[in-house]
Amino acid sequence: MNMMTTKTSSIDNVVEPDWWRGAVIYQIYPRSYQDSNGDGIGDLQGIVQRLPYIASLGVDAIWISPFFTSPMRDFGYDVSDYCDVDPMFGSLADFDAVVDTAHRFGIRVMIDLVLSHTSKEHPWFQESVKSRDNPKSDWYVWAEPKPDGTPPNNWLSIFGGSAWQWEPQREQYYLHNFLKEQPDLNFHCNEVQDALLDVALFWLNRGVDGFRLDTINFYVHDAQLRDNPALPKEDRNATIAPSVNPYNHQEHLYDKNRPENLAFLKKLRAIMRPFGAAAVGEVGDAQRGLEIMGEYTAGDDLMQMCYAFEFLSATQPTSDRIVDVLSQVDEVASDGWACWAFSNHDVMRHATRWNLPPAAQRMFATLIMCLRGSVCLYQGEELGLPEADVAFDDLQDPYGIEFWPEFKGRDGCRTPMVWEKSNQHGGFSEAAQTWLPISSEHLQLAATTQDEDPSALLHHYRKAIAFRHAHAALQCGEHADLAAVGDVVHFRRMNRAENILCVFNVSDSPSDFELPAGDWKPIGAELGSANTSADGRLHLGPWQACLAIKSA
């Protein structure tokens, strides 16, 4: 495999505090990236082994999903020790090797911090549950039952059922926005906030360059425990939870999205600042996601980036939808910074979700590299992996098991990476059985196979990332003249030195487009960009882009 890369610079976040602006971040789901010890589960040493490949993509940073000590009820998003590595992934020394190796390649390391809740097995909860007057008695969200013994309010869990679980030892309910094994921390307790800031400092001192903040808008709950109002049926959507989940029936005013959260985010940013570290927050809200993104990234004392779920939804973005989303960002987050993603570990892979032919996958890869904001790519996206079909008997995800068969859960996007076609497990593992089965369809798209084929999607992603890095206007410039004409979406990206026209046909039919006035020179031929014509008319094939730069 071609492992050559020009990203060999050292890392100095203090010198480059805005390294995150316009960065391309590659998400690694460690259970499924590379198994180095033959147990069928990916690990940190596996990431070290594959860092040359990651560097060959040209990305600026990696985001590693949770690898902390955990009983793995939600595969690491239920943390029982924030400051250690679960033995299945290796050790702290292995993590140090990831950081050191990544930095040698000029790649920054971001880790997934899960601050809104812990595992029931965390020592903090084990103490809190003992009594109502112990030192950590208020570190979690405890509440009295109603007089009839039912939960204190109507809040629901994303994973199904009430968000409250009865605990006989305290004769109280505790809050869990996700699994009952994931009790929510009480951010109204200053000691909790201080403990979590110490966790962030632990990893900053260990050399990490930033954080992906899981469920960032869930940290603080309404202290009065008020009921959420009902959401009108016409306003419901399945962006955050599947349509069969009654979680969509509420407007989540009180169980999340609380304004008090901003004070904690300012504290977190303050401890990150001396390290030049950056954070990208996951905003999980189906109605106000972009608005909250704007709130959390405004100014220079909150989070640098957030992502909402508009382009992680089930419906393929049309030209009108793209314009609508980007226009909303301009309106509600003009002082903030978005981080765009089409796929991640929680949603069906977008090649399947949007039923994209190869040409469309290329076009969308080019599009995301031209958007104002930063970019997250999910492992295997660069190979065009479709969603894997995981049988019910092979399911691991409790979310899918709960709502099967209407919702099959998240395992289909979490199956192991495929590195080589000939290996029984695609080069991922030498184990007799991997933690999730590997799709035979994926084997045909293995990284080594694509690396040897100049026309493969993998090379398009490398070229698109390189194109973004070659043009500062695409990384951190402004955008203007955003509009849709039929199936064509177009906008300009510009800074003082560059004025780049970006035109995309987001359909399977040819389209014509009239170029704006000016001397536009075509660029991006390596990405299949259409040529501009002398008559000012642009002829776009199905799923074709045109990139052009205006002469001074």
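Every heavy atom of this structure was used, including side-chain atoms; hydrogens, water molecules and symmetry mates were not. Owing to the predicted nature of the structure, the values given are computational and were not obtained by experimental measurement.
Shortest non-hydrogen contact noted between Y378 and C413 is OH-O, 2.7 Å. For A431 against D39, the heavy-atom pair with the smallest separation is CB-C, 3.9 Å. Scanning both residues, A333 and M293, for their nearest heavy atoms gives CB-CE, 4.1 Å. Listed here is the closest heavy atom pair of A278 and M305: CB-CE, 4.4 Å. The two residues Y219 and L265 come nearest to each other via the heavy atoms CE1-CD2, 4.1 Å. Taking each heavy atom of I368 and R468 in turn, the nearest pair found is O-NH1, 3.9 Å.
To the nearest 0.5 angstrom, T239 atom OG1 is 9.0 Å from L312 atom CG. Between N13 atom CG and M272 atom CE the span is 10.0 Å, to the nearest 0.5 Å. I28 CD1 to S32 OG: the interatomic distance, rounded to the nearest 0.5 Å, is 11.5 Å. Rounded to the nearest 0.5 Å, atoms CG (D43) and CG (D35) are 5.5 Å apart. In this structure, the separation between CD1 on I54 and CG on L51 is 4.5 Å, given to the nearest 0.5 Å. A distance of 8.5 Å separates CZ of R349 from CG of L383, quoted to the nearest 0.5 Å.
Distance alone, capped at 3.5 Å, is enough to place a donor-acceptor pair between the D86 side chain and the S70 backbone. Distance alone, capped at 3.5 Å, places no donor-acceptor pair between the D81 side chain and the T69 backbone. Checked by atom type and distance alone, the side chain of R493 pairs as donor or acceptor with a backbone atom of A473 at under 3.5 Å. Distance alone, capped at 3.5 Å, places no donor-acceptor pair between the W337 side chain and the S334 backbone. A donor-acceptor pair under 3.5 Å is formed between the side chain of N134 and the backbone N or O of S137. Put simply, the side chain of E382 gets close to the backbone of G380: a donor and an acceptor are under 3.5 Å apart. Looking at D222, its side chain never comes within 3.5 Å of a backbone N or O of D255 through a donor-acceptor pair.
Applying the side-chain hydrogen bond (donor to acceptor under 3.5 Å, both in side chains) test to S128 and every residue at least two apart in sequence or in another chain returns W142. Not counting sequence neighbours, the partners of F467 by the ring-ring contact (aromatic ring centres under 6.0 Å, His included) test are H471. Scored by the side-chain contact (heavy atoms from CB on, under 4.5 Å) test, A241 finds N245, Y247, N248, Y399 as partners (sequence neighbours excluded). Taking the ring-ring contact (aromatic ring centres under 6.0 Å, His included) definition, one finds that H350 meets it with F342, W354, sequence neighbours left out. Under the rule for a side-chain contact (heavy atoms from CB on, under 4.5 Å), the partners of P398 that lie at least two apart in sequence or sit in another chain are F75, L179. Under the rule for a side-chain hydrogen bond (donor to acceptor under 3.5 Å, both in side chains), Q475 has no partner lying at least two apart in sequence or in another chain. For R206, the side-chain contact (heavy atoms from CB on, under 4.5 Å) partners two or more places apart in sequence, or in a different chain, are L92, F95, D96, F202, W203. D335 is linked by a side-chain contact (heavy atoms from CB on, under 4.5 Å) to A298, counting only residues two or more places apart in sequence or in another chain. In this view, F275 satisfies the ring-ring contact (aromatic ring centres under 6.0 Å, His included) rule with no residue, not counting sequence neighbours. With sequence neighbours excluded, no residue forms a ring-ring contact (aromatic ring centres under 6.0 Å, His included) with Y461.
Ring planes of F178 and H117: tilted class, angle from 30 to 60°.
A ring-ring contact (aromatic ring centres under 6.0 Å, His included) with Y33 holds for exactly one of Y53, F428, W435, W419; it is W419. Of the options N261, D184, N177, N186, a side-chain contact (heavy atoms from CB on, under 4.5 Å) to H221 is made by N186 and by none of the others.
For residues 260-270, the pairs satisfying salt bridge (charged side-chain N to carboxylate O under 4.0 Å, His left out) are R258-E260, K266-D301, with sequence neighbours left out.
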Please tabulate, for the side chains in residues 282-291, all donor-acceptor contacts under 3.5 angstrom to protein atoms that are two or more places apart in sequence or on a different chain.
from: E282; atom 1: OE1; to: R212; atom 2: NH2; distance (Å): 3.2
from: E282; atom 1: OE1; to: T215; atom 2: N; distance (Å): 2.8
from: E282; atom 1: OE2; to: R212; atom 2: NH2; distance (Å): 3.4
from: D285; atom 1: OD1; to: N257; atom 2: ND2; distance (Å): 2.9
from: D285; atom 1: OD2; to: Q287; atom 2: N; distance (Å): 3.1
from: D285; atom 1: OD2; to: R288; atom 2: N; distance (Å): 2.6
from: Q287; atom 1: NE2; to: D235; atom 2: O; distance (Å): 3.0
from: R288; atom 1: NE; to: E291; atom 2: OE1; distance (Å): 3.4
from: R288; atom 1: NH2; to: E291; atom 2: OE2; distance (Å): 3.2
from: R288; atom 1: NH2; to: E295; atom 2: OE2; distance (Å): 3.2

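The shortest distance between side-chain heavy atoms of V141 and Y174 does not fall below 4.5 Å. A 4.5 Å side-chain heavy-atom check between M110 and V280 finds at least one atom pair inside the cut-off.
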Next item on the list: Assess whether side-chain hydrogen bond (donor to acceptor under 3.5 Å, both in side chains) is satisfied between H469 and D60, documenting all intermediate values.
Entry: CA-CA 10 Å; H469 285 139; D60 302 287; 2.9 Å; yes

Next item on the list: Apply side-chain contact (heavy atoms from CB on, under 4.5 Å) to Q450 and L457, showing your working.
Entry: CA-CA 7 Å; Q450 293 202 33; L457 182 64; 4.0 Å; yes

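Ion pairing of R21 with E16 is absent here, as no side-chain N (NZ or NE/NH1/NH2) approaches a carboxylate O to less than 4.0 Å.
Between H176 and Y140, the distance separating the two ring centers is not shorter than 6.0 angstrom. Remark: aromatic rings of F311 and W340 are close, center separation under 6.0 Å.
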